[in-house]
Amino acid sequence: MSEATEIEAGSAALTRLGGALAQSGAASLTGQREQLAEGLLRESLTRWEDPQLRPQLLGEVLAAITTEAGAARMREFLSSQIFSQLGKELDSSKTRDIHQVAEILKVPPLNINAAQAQVWGVIILRYILQIEPIASAPADEILDTIAPTIQRYLAG
């Protein structure tokens with residue numbers, strides 16, 4: 001597979017992940033907001049558990065850590081793509097950024113970054129470093145343990 005093809009596949013994987021997170025976030029914001037963290041973490045774990053999607057996501061994370069181009073793609077994903085997709089889910093005429101989402105949630109933007117850090121910490125420990133016991137823990141156990149912390153960041 002050429003480098004351009006790998007980059008395209010990785011970007012598509014991030015778009016799929018971002019779309020799933022945006023759908024989950026929109027559903028939580030318009031419904032049971034107290035389920036926001038659980039929904040977002042569950043969607044992340046579900047996408048990373050997908051055997052076809054995981055190698056592409058893994059490639060994007062590794063590229064983000066080792067190359068400036070990969071880091072730029074990941075920054076774009078974490079700082080605007082997810083929020084833009086969330087805006088489309090909430091109201092197709094508007095896109096959102098991290099500050100607007102923070103305003104909706106009534107939390108500082110830094111809280112959103114803190115929530116992202118929690119999710120990415122789980123992803124790195126579970127799927128990249130494969131550190132036990134988190135690497136083999138059932139997803140529901142991870143949700144029960146980590147989601148309340150993420151919820152605190154997102155609910156203020």
Legend entry - Basic-acidic side-chain contact under 4.0 Å: Arg75, Glu68: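 Counted as a salt bridge, because a side-chain N and a carboxylate O are separated by less than 4.0 Å.
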
Inset, instruction - Taking only Lys NZ, Arg NE, NH1 and NH2, and the carboxylate oxygens of Asp or Glu, determine whether Glu49 and Arg126 approach each other closer than 4.0 Å. - result: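 Yes, Glu49 and Arg126 are salt-bridged.
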
Atom pair [atom1]/[atom2] of [X] and [Y] - distance to nearest 0.5 Å:
X: Ile123; Y: Leu129; atom1: CD1; atom2: CG; answer: 12.0 Å
X: Ile146; Y: Ile134; atom1: CD1; atom2: CD1; answer: 5.5 Å
X: Gln151; Y: Leu40; atom1: CD; atom2: CG; answer: 9.0 Å
X: Met74; Y: Ser79; atom1: CE; atom2: OG; answer: 11.0 Å
X: Lys106; Y: Leu154; atom1: NZ; atom2: CG; answer: 14.0 Å
X: His99; Y: Ile112; atom1: NE2; atom2: CD1; answer: 9.0 Å

Between [X] and [Y], which heavy-atom pair has the shortest distance, and what is it?
X: Phe77; Y: Gln81; answer: CD1-OE1, 3.3 Å
X: Asp140; Y: Arg42; answer: OD1-NH1, 3.3 Å
X: Ile150; Y: Val119; answer: CD1-CG2, 3.7 Å
X: Thr149; Y: Thr145; answer: OG1-O, 4.5 Å
X: Pro108; Y: Ala102; answer: C-CB, 4.0 Å
X: Val107; Y: Tyr153; answer: CG1-O, 3.6 Å

Check whether any side-chain heavy atom of [X] lies under 4.5 Å from a side-chain heavy atom of [Y], and answer yes or no.
X: Leu36; Y: Leu105; result: yes
X: Trp48; Y: Val122; result: no
X: Asp97; Y: Gln100; result: yes
X: Arg152; Y: Asn111; result: no

Inset, instruction - Please lay out, stage by stage, how Leu45 and Tyr127 fare under the test side-chain contact (heavy atoms from CB on, under 4.5 Å). - result: CA-CA 10 Å; Leu45 293 172; Tyr127 301 108; 3.6 Å; yes

Inset, instruction - Tell me whether Leu53 is reachable from Leu62 by hopping between hydrophobic residues (I, L, V, M, F, W, Y) whose side-chain heavy atoms are closer than 4.5 Å. - result: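 In one cluster: yes.
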
Inset, instruction - Could you state whether Ile131 and Val61 fall into the same hydrophobic cluster, counting links through intermediate Ile, Leu, Val, Met, Phe, Trp or Tyr residues with side-chain heavy atoms under 4.5 angstrom apart? - result: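 In one cluster with Ile131: Val61, yes.
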
Inset, instruction - Look only at the side chain of Glu38 and the backbone of Leu143, and say whether a donor-acceptor pair between them is shorter than 3.5 Å. - result: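 Answer holds: no.
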
Legend entry - Whether Gln130 side chain and Ala135 backbone form a donor-acceptor pair below 3.5 Å: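 Here the side-chain-to-backbone pair does not exist.
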
Inset, instruction - List the steps and the verdict of side-chain contact (heavy atoms from CB on, under 4.5 Å) for Asn113 and Ile98. - result: CA-CA 9 Å; Asn113 285 151; Ile98 191 170; 3.6 Å; yes

